> 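The structure that follows is given in the form of structure tokens.
Because the structure is a prediction, the values reported are computed rather than measured.
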Amino acid sequence: MNVYEYLANCHIKPSVQRIAIMDYLLKHDTHPCIDEIYMALCKEIPTLSKTTVYNTLKLFVEHGAAKMLTIDERNACFDGNTSLHAHFLCRSCGKIFDIPMKENDMEIKELNHEGFILDEIHHYYKGTCPECAKESENNN
């Protein structure tokens, strides 16, 4: 499925800016923030503003086309991968990694039984990634 169809399936009217922003999210699994997306696309789309990027990402999140991550207290980051997975923030290099995750059916069933309606699940881990741990080990 191409980006145009993906947005249409999420009930988002595709535009040049929306297609470019969604395409960037889907092709860059670095969990970029608004500034990163803006800087990457502003040369390609001179009429693009940070406000447009912000409003577009907000629209994507509202329609389930992307997720907003608040794992980094300084910046909201965005993820085009909406499948169920956790995130790991390396405190050394600042990268955010996707971590496979299985849905805890018992926990969800218990919440549903108690009358809660679940829309989202966020699992965040913070620590040191294998690359930074190895680098730190080599420096000691």
Side-chain angles (χ1 to χ4, degrees):
M1 173 182 327
N2 66 32
V3 177
Y4 185 95
E5 291 170 342
Y6 180 77
L7 291 174
N9 284 342
C10 291
H11 306 288
I12 298 171
K13 184 179 176 186
S15 68
V16 171
Q17 291 89 348
R18 290 174 181 173
I19 290 169
I21 293 167
M22 190 74 240
D23 187 54
Y24 186 85
L25 277 180
L26 293 172
K27 288 182 178 172
H28 297 85
D29 63 354
T30 57
H31 308 89
C33 66
I34 292 168
D35 288 340
E36 289 174 60
I37 297 168
Y38 171 75
M39 292 305 294
L41 299 176
C42 68
K43 292 177 184 119
E44 189 179 311
I45 308 171
T47 58
L48 188 67
S49 69
K50 282 187 187 181
T51 302
T52 299
V53 174
Y54 171 82
N55 289 333
T56 299
L57 291 168
K58 184 178 175 201
L59 179 72
F60 289 174
V61 170
E62 289 170 355
H63 285 266
K67 290 183 180 181
M68 182 171 71
L69 309 178
T70 55
I71 190 171
D72 178 358
E73 297 85 15
R74 295 166 290 162
N75 291 311
C77 301
F78 295 86
D79 193 350
N81 178 358
T82 59
S83 69
L84 183 64
H85 63 281
H87 292 97
F88 182 95
L89 171 65
C90 178
R91 293 185 191 270
S92 295
C93 65
K95 290 182 186 172
I96 300 173
F97 299 86
D98 289 338
I99 305 294
M101 185 179 109
K102 293 182 181 170
E103 198 170 314
N104 184 340
D105 289 334
M106 290 304 293
E107 183 179 295
I108 292 169
K109 285 180 183 175
E110 181 65 28
L111 286 170
N112 287 337
H113 179 72
E114 293 178 18
F116 293 97
I117 299 171
L118 212 55
D119 291 330
E120 296 180 32
I121 299 173
H122 296 272
H123 284 255
Y124 294 148
Y125 301 95
K126 296 178 182 182
T128 306
C129 72
E131 193 174 308
C132 289
K134 187 176 179 181
E135 191 176 302
S136 177
E137 190 176 284
N138 290 338
N139 290 334
N140 289 333

> Over 60° means perpendicular and under 30° means parallel, so classify the ring planes of His87 and His85, tilted if in between.
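Taking His87 first and then His85, their aromatic rings stand perpendicular (interplane angle over 60°).
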> Anything under 3.5 Å between a donor and an acceptor, one on a side chain of residues 13-21, the other on a protein residue two or more places apart or in another chain? List them.
residue, atom, partner, partner atom, Å
Ser15, OG, Arg18, N, 3.2
Arg18, NH1, Lys13, O, 2.7

> State the NZ-NE2 distance between Lys58 and His63, to the nearest 0.5 angstrom.
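Output value for this atom pair is 11.0 Å.
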> Using a 4.5 Å cut-off on heavy atoms from C-beta on, say whether the side chain of Ile96 contacts that of Cys77.
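When only atoms from C-beta onward are counted, Ile96 and Cys77 do touch, with a gap below 4.5 Å.
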> Donor-acceptor pair, distance only, cut-off 3.5 Å: does the side chain of Lys134 make one with the backbone of Cys129?
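Side chain of Lys134 to backbone of Cys129, a donor-acceptor pair under 3.5 Å: no, none is there.
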> If you group Ile, Leu, Val, Met, Phe, Trp and Tyr by side-chain heavy-atom gaps below 4.5 Å, do Phe60 and Met68 land in one group?
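In one cluster: yes.
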> Tyr54 and Leu69: same hydrophobic cluster, using ILVMFWY side-chain contacts below 4.5 Å?
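Shared cluster, no.
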> Decide if atom NZ of Lys95 counts as having more than 12 heavy atoms of other residues, nucleotides or ligands within a radius under 6.0 Å.
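Open: at most 12 neighbouring heavy atoms sit under 6.0 Å from NZ of Lys95.
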> Out of curiosity, does Leu89 fall in the hydrophobic cluster containing Phe97 (side-chain heavy atoms, cut-off under 4.5 Å, transitive links)?
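Looking at the clustering, Leu89 is in a separate group from Phe97.
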> Side-chain heavy atoms under 4.5 angstrom apart, residues restricted to Ile, Leu, Val, Met, Phe, Trp, Tyr: same cluster for Tyr24 and Tyr4?
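Tyr24 clusters together with Tyr4.
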> Considering residues, nucleotides and ligands other than Glu62, do more than 12 of their heavy atoms fall under 6.0 Å from its CD?
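Correct, the count exceeds 12.
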> If you measure from CG on Leu84 to CE on Met101, what distance do you get to the nearest 0.5 Å?
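If we round to the nearest 0.5 Å, Leu84:CG and Met101:CE are 3.5 Å apart.
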> I'd like to check Asp98 versus His31 (side-chain heavy atoms, cut-off strictly below 4.5 Å). Are they in contact?
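Side-chain contact under 4.5 Å: yes.
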> Are the side chain of Thr56 and the backbone N or O of Thr52 linked by a donor-acceptor pair below 3.5 Å?
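Pair found, side chain donor or acceptor close to backbone of Thr52.
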> Under a 4.5 Å cut-off applied to non-hydrogen side-chain atoms, are Ile12 and Tyr6 in contact?
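Not in contact.
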> Please report the shortest heavy-atom distance between Thr128 and Ser92, naming the atom on each side.
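Residues Thr128 and Ser92, closest heavy atoms: CG2-OG, 3.9 Å.
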> Tell me, do Leu57 and Leu25 make a side-chain contact under 4.5 Å, heavy atoms counted?
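Touching, per the 4.5 Å side-chain cut-off.
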> Measuring from atom CG of Asn81 to atom CG of Leu26, what distance do you get when rounded to the nearest 0.5 angstrom?
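So the CG of Asn81 and the CG of Leu26 are separated by 9.0 Å.
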> Specify the closest pair of heavy atoms between Ile71 and Tyr125, including all atoms of both residues, with the distance to one decimal.
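Looking at all heavy atoms of both residues, the shortest contact is CD1-O, 3.6 Å.
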> Side chains of residues 34-46: which donor-acceptor pairs under 3.5 Å do they make with residues two or more places apart or in other chains?
residue, atom, partner, partner atom, Å
Asp35, OD1, Lys50, NZ, 3.1
Glu36, OE2, Cys33, N, 3.4

